[in-house]
Amino acid sequence: MSQLKTRPGDADVDAFLTSVEDDQRRKDSFAMHEMMTRLSGEDPKIWGGGMVGYGSYTYDNVSGRGGEWFLTGFAPRKQALTIYIMDGFSDHETLMEKLGKYKIGKSCLYVKKLDDIDMKVLERLVKKSLAVMRKRYNA
């Protein structure tokens, strides 16, 4: 089985977040770090040099390949703060309607700044996603 290139590392999370150049993105990243640490109860790790992940699970897919990934996390990208909701968004439609201004990918929530969204709704979304992922993967 081939290994994913994106794996958890030993880099210092606070140093990584402090190095974020954009002031707003850095501030939002520290807010996400606080929230995800509190909600997950997990120590964060830097994955692939640019993502902050909390907890982990092991998966297998239909091709027989599998790997390890984080339960939830975020990445302070140049264009947007990317928040990883690993169970996707299809079961969270009601929360998504109340969230605010965002874009989504399969499991990625893209937010320009946290002021654009309702943080209480985001907390509920992350908490629900964590519960689903922990149950689904016995994590």
Side-chain angles (χ1 to χ4, degrees):
M1 174 167 71
S2 65
Q3 290 222 344
L4 283 175
K5 293 178 183 176
T6 304
R7 294 193 302 267
D10 294 327
D12 181 84
V13 173
D14 286 331
F16 169 70
L17 297 179
T18 299
S19 74
V20 173
E21 290 182 19
D22 181 80
D23 291 339
Q24 182 66 50
R25 188 90 62 237
R26 183 174 49 256
K27 176 183 160 231
D28 289 350
S29 294
F30 275 106
M32 286 303 303
H33 174 45
E34 182 281 322
M35 182 187 80
M36 288 191 165
T37 300
R38 179 172 38 83
L39 294 178
S40 72
E42 304 279 353
D43 290 329
K45 298 220 179 263
I46 301 294
W47 288 66
M51 297 176 280
V52 183
Y54 300 79
S56 67
Y57 66 97
T58 303
Y59 65 90
D60 293 310
N61 61 24
V62 292
S63 70
R65 291 185 175 167
E68 178 185 19
W69 201 252
F70 48 81
L71 293 169
T72 193
F74 70 95
R77 307 284 187 215
K78 283 198 184 289
Q79 293 298 315
L81 181 66
T82 304
I83 302 165
Y84 299 99
I85 306 297
M86 297 312 300
D87 69 318
F89 301 99
S90 60
D91 292 335
H92 304 295
E93 290 177 13
T94 303
L95 286 174
M96 300 308 291
E97 290 172 2
K98 300 173 186 174
L99 186 60
K101 188 176 174 182
Y102 64 87
K103 293 183 181 179
I104 60 170
K106 186 173 180 179
S107 293
C108 298
L109 176 66
Y110 303 105
V111 177
K112 290 284 184 187
K113 59 184 186 279
L114 291 181
D115 289 341
D116 289 342
I117 60 172
D118 185 323
M119 289 300 291
K120 290 182 191 240
V121 174
L122 179 60
E123 282 197 23
R124 290 175 47 205
L125 179 63
V126 170
K127 193 183 284 190
K128 286 180 84 170
S129 178
L130 278 166
V132 167
M133 295 302 291
R134 284 183 168 136
K135 184 175 181 180
R136 183 180 296 165
Y137 292 98
N138 256 349

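Proximity of Q24 to K112: side-chain heavy atoms (C-beta onward) are nowhere separated by under 4.5 Å. Annotation: side chain of V111 is not in contact with side chain of K101 (no heavy-atom distance under 4.5 Å). Side-chain contact between D10 and I46 is absent, with no heavy-atom pair separated by less than 4.5 Å. Residues L125 and M96 have side chains in contact (heavy-atom distance under 4.5 Å, counting atoms from C-beta outward). When side chains are defined from C-beta on, S56 counts as touching W47, because their heavy atoms get closer than 4.5 Å. You'll find the side chain of Y54 reaches within 4.5 Å of the side chain of H33, heavy atoms only. The shortest side-chain heavy-atom distance between F89 and L109 falls under the 4.5 Å cut-off. In this structure, V52 and M32 have side chains that are not in contact, with every pair of non-hydrogen atoms separated by 4.5 Å or more.
One distance of note links NZ of K98 with CZ of R124; it measures 5.5 Å at 0.5 Å rounding. Note that OH of Y59 and CE of M133 are 10.5 Å apart. Values are rounded to the nearest 0.5 Å. With values rounded to the nearest 0.5 angstrom, I83 atom CD1 is found 8.5 Å from T72 atom OG1. Atom CG of L99 sits about 9.5 Å away from atom CE of M119, to the nearest 0.5 Å.
Qualifying side-chain contact (heavy atoms from CB on, under 4.5 Å) partners for K128, counting only residues two or more places apart in sequence or in other chains: H92, L95. S129 is linked by a side-chain hydrogen bond (donor to acceptor under 3.5 Å, both in side chains) to D87, counting only residues two or more places apart in sequence or in another chain. Listed by chain and residue number, M51, R77, T82, Y84 satisfy the side-chain contact (heavy atoms from CB on, under 4.5 Å) test with A75 (two or more places apart in sequence, or in another chain). With sequence neighbours excluded, no residue forms a salt bridge (charged side-chain N to carboxylate O under 4.0 Å, His left out) with D12. Applying the ring pair (Phe, Tyr, Trp, His ring centres under 6.0 Å) test to F30 and every residue at least two apart in sequence or in another chain returns nothing. The salt bridge (charged side-chain N to carboxylate O under 4.0 Å, His left out) check on K113 picks up D116, with sequence neighbours excluded.
Every pair passing salt bridge (Lys or Arg N to Asp or Glu O under 4.0 Å) that includes a residue from residues 16-30 is listed here, sequence neighbours excluded: D23-R26. Pairs of residues two or more places apart, or lying in two chains, that qualify as salt bridge (Lys or Arg N to Asp or Glu O under 4.0 Å) and include a residue from residues 29-42 are E34-R38, R38-E123, E42-R134. Sorted pairs that involve residues 106-131 and meet ring pair (Phe, Tyr, Trp, His ring centres under 6.0 Å), not counting sequence neighbours, are lacking altogether.
The heavy-atom pair separating Y57 from A139 by the smallest distance is CB-CB, 4.0 Å. Residues L81 and P76 approach most closely at CD1-CA, 3.9 Å, considering heavy atoms. Taking all atoms of both residues into account, the shortest heavy-atom contact from A31 to L114 is CB-CD1, 3.8 Å. Of all heavy-atom pairs spanning M36 and S40, the tightest one is O-OG, 2.7 Å.
V126 and V132 are not part of a single hydrophobic cluster, where members link through side-chain heavy atoms under 4.5 Å apart.
Residue N138 places its CG atom among 12 or fewer non-hydrogen atoms of other residues, nucleotides or ligands, all under 6.0 Å distant.
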